[in-house]
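Below you'll find the structure, written out as structure tokens, and then a few comments.
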Amino acid sequence: MVINKKGKLEELIDQNNLPQHIAIIMDGNGRWANKRLLPRTMGHRAGMSSLKEVVRACSDVGVSTLTVFAFSTENWKRPLQEVDYLMKLLVEYLHRELEELHANAVRINVLGDYNSLPHQCQLEITEALQITRNNTGLKFNIALNYGSRAEIIAAVKKLAAGLLAGEICLEEISEESFAACLTTSGMPDPDLLIRTAGEMRVSNFLLWQIAYTELWVTDCLWPDFSREHLMQAIWDYQHRERRFGGLSRNKQGEENV
Ligand code: FPP
């Protein structure tokens, strides 16, 4: 880590090499609460504060898209009380933050089937989508009741239906037409995937979209994740070489000699 005289990594961020799209697996809320002998729900509440800070930071720094994994299709397996609390927190978050998000031109979008969430969640989501739909700032995707395999199967079915109906031919099935059937259609793939709480897995999150994404895993638990951690992740990203299966710039040169 490089800190300048003012001690602010943020000032060293190269504006010309920002990750356009950052995805985050916000893990470790439960462990954060356990360490403090608090109920797990308090970990989720503290995690909401980190989310607020990170959305603000992404907006400030000029990241164009942020996608956070807030509730997976597998999270329904958790105790009812925890699931209920997470749903209430979502309502609270949208209710409280919508004004500021809208004022900052953030465009909210939901990845995943939110029709099976509690009615109040659906209402808040519908309002948030409606109010922010024309905003041109940060695109903020909240993955809710989201699972990447289910998303892929839905895309396959969409293409297959088009094929059966004679609307498309086999040759038209391509990486591009497939990606256009995903919920992230029209967005760039994530450049950077951040995972907190140290687990080395991708947990059914954006499996198609992260094919060439840079992974950044930290032991920091999500409620402890701050603007500085985000800047560190961006700074590290900017010091990696992305080859997309090709050769490094150096080796490329040597090959050409
Ligand atoms: C994973 O931590 C986190 C979640 C399943 C929920 C994420 C939710 C928030 C950050 C709350 C704010 C979000 C919104 C949209 C209001 P975990 O519970 O699996 O942690 P553990 O692995 O330590 O048990």
Side-chain angles (χ1 to χ4, degrees), residues 22-59 65-102 106-114 116-118 120-129 131-132 138-148 183 193-206 217-227 229-230 233:
I22 298 181
I24 309 185
I25 300 177
M26 309 180 289
D27 196 12
N29 295 349
R31 273 163 279 179
W32 183 92
N34 283 344
K35 271 171 59 178
R36 289 162 179 76
L37 305 178
L38 291 168
R40 292 177 55 80
T41 48
M42 290 303 102
H44 295 313
R45 176 163 290 282
M48 184 169 70
S49 302
S50 299
L51 180 60
K52 285 185 206 171
E53 190 172 334
V54 165
V55 173
R56 205 168 292 143
C58 282
S59 227
T65 307
L66 169 69
T67 302
V68 298
F69 207 0
F71 193 86
S72 74
T73 42
E74 290 74 31
N75 287 152
W76 294 109
K77 294 181 208 152
R78 295 191 176 203
L80 187 62
Q81 193 225 3
E82 184 171 340
V83 171
D84 278 353
Y85 194 88
L86 281 167
M87 296 300 153
K88 286 201 182 99
L89 216 49
L90 173 69
V91 169
E92 183 182 323
Y93 174 78
L94 291 175
H95 198 74
R96 277 207 198 159
E97 295 301 304
L98 189 56
E99 208 177 300
E100 188 188 320
L101 292 169
H102 186 42
V106 173
R107 180 173 179 175
I108 298 174
N109 181 40
V110 168
L111 307 185
D113 177 16
Y114 64 90
S116 37
L117 300 187
Q120 194 58 36
C121 291
Q122 293 182 40
L123 290 179
E124 292 291 342
I125 291 169
T126 310
E127 191 188 2
L129 299 184
I131 288 180
T132 65
L138 175 72
K139 290 183 198 71
F140 176 32
N141 299 320
I142 311 176
L144 285 167
N145 191 22
Y146 172 86
S148 185
T183 54
L193 171 65
I194 295 173
R195 181 167 187 143
T196 56
E199 311 293 352
M200 297 290 181
R201 50 180 174 256
V202 291
S203 301
N204 201 17
F205 189 42
L206 302 172
V217 178
T218 173
D219 285 334
C220 173
L221 305 175
W222 177 249
D224 292 324
F225 193 88
S226 63
R227 186 180 186 104
H229 291 98
L230 180 78

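Keep in mind that the numbers below use all heavy atoms, side chains included, and drop hydrogens, waters and symmetry copies. Since this is a predicted model, take the numbers as computed values, not measurements. Ligands are counted one by one from 1 in listed order, and the atoms in each one are counted from 1 as well.
Comparing heavy-atom distances from atom 14 (C) of ligand 1 across L51, T41, V68, L221 singles out L51 as nearest. Here the shortest heavy-atom distance to atom 9 (C) of ligand 1, taken over V91, I142, N29, V55, belongs to N29.
Scanning all protein heavy atoms for the shortest distance to atom 22 (O) of ligand 1 gives R31 NH2, 2.9 Å. At the top of the distance list for atom 1 (C) of ligand 1, counting protein heavy atoms only, stands M26 O, 3.2 Å. The single protein non-hydrogen atom nearest to atom 11 (C) of ligand 1 is H44 O, 3.5 Å, given as residue, atom name and distance. In this structure, the protein non-hydrogen atom closest to atom 6 (C) of ligand 1 is A70 O, 3.4 Å. Given atom 12 (C) of ligand 1, the protein heavy atom at minimum distance is M48 CA, 3.8 Å.
Under the 4.0 angstrom criterion for non-hydrogen atoms, R40 is in contact with ligand 1. Under a 4.0 Å heavy-atom criterion, A197 is not in contact with ligand 1.
Neither the backbone nor the side chain of W32 has any atom closer than 4.0 Å to an atom of ligand 1 (non-hydrogen atoms only). At a heavy-atom cutoff of 4.0 Å, ligand 1 is contacted by the side chain of N75 but not by its backbone. With a 4.0 Å cut-off on non-hydrogen atoms, R78 touches ligand 1 through its side chain and not its backbone.
When atom types are taken as modelled, the side chain of N75 and the backbone of S72 share a donor-acceptor pair closer than 3.5 angstrom. The main-chain N or O of T196 is never found under 3.5 Å from a side-chain atom of W222 such that the two would form a donor-acceptor pair. A donor-acceptor pair under 3.5 Å is formed between the side chain of N145 and the backbone N or O of D113.
In the vicinity of D27, heavy-atom distances shorter than 4.0 Å reach the ligand 1 atoms 1 (C), 2 (O), 17 (P), 19 (O), 20 (O), 21 (P), 22 (O). Against a heavy-atom cut-off of under 4.0 Å, L89 is close to the following atoms of ligand 1: 16 (C). Atoms of ligand 1 lying under 4.0 Å from any heavy atom of W222, numbered from 1 in the order shown and given with element: 10 (C).
The only option from T73, T67, T183 that meets the side chain to side chain contact (heavy atoms under 4.5 Å, CB included) definition with Y146 turns out to be T183.
Considering backbone and side-chain atoms alike, G30 places an N or O below 3.5 Å from some N or O of ligand 1. In terms of polar-atom proximity, L86 is not counted as a contact of ligand 1, lacking any N or O under 3.5 Å from an N or O of the ligand.
Under the 4.5 Å side-chain criterion, counting only non-hydrogen atoms from C-beta, F140 is in contact with L51. A 4.5 Å side-chain heavy-atom check between Y93 and L89 finds every atom pair outside the cut-off.
No more than 12 heavy atoms of other residues, nucleotides or ligands lie within 6.0 Å of CD in Q81, so this atom counts as exposed by the packing criterion.
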For M26 and F225, what are the C-alpha separation, side-chain angles and deciding distance, and is it a side chain to side chain contact (heavy atoms under 4.5 Å, CB included)?
CA-CA 9 Å; M26 309 180 289; F225 193 88; over 6 Å; no
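Within the model, atoms CG of L230 and CD1 of I194 stand 5.0 Å from one another, a figure rounded to the nearest 0.5 Å. Atoms CD and CG, on E74 and N204 in that order, are 5.0 Å from each other to the nearest 0.5 Å.
The aromatic rings of F205 and F69 sit parallel to each other, their planes meeting at less than 30°, with 60° as the upper class boundary.
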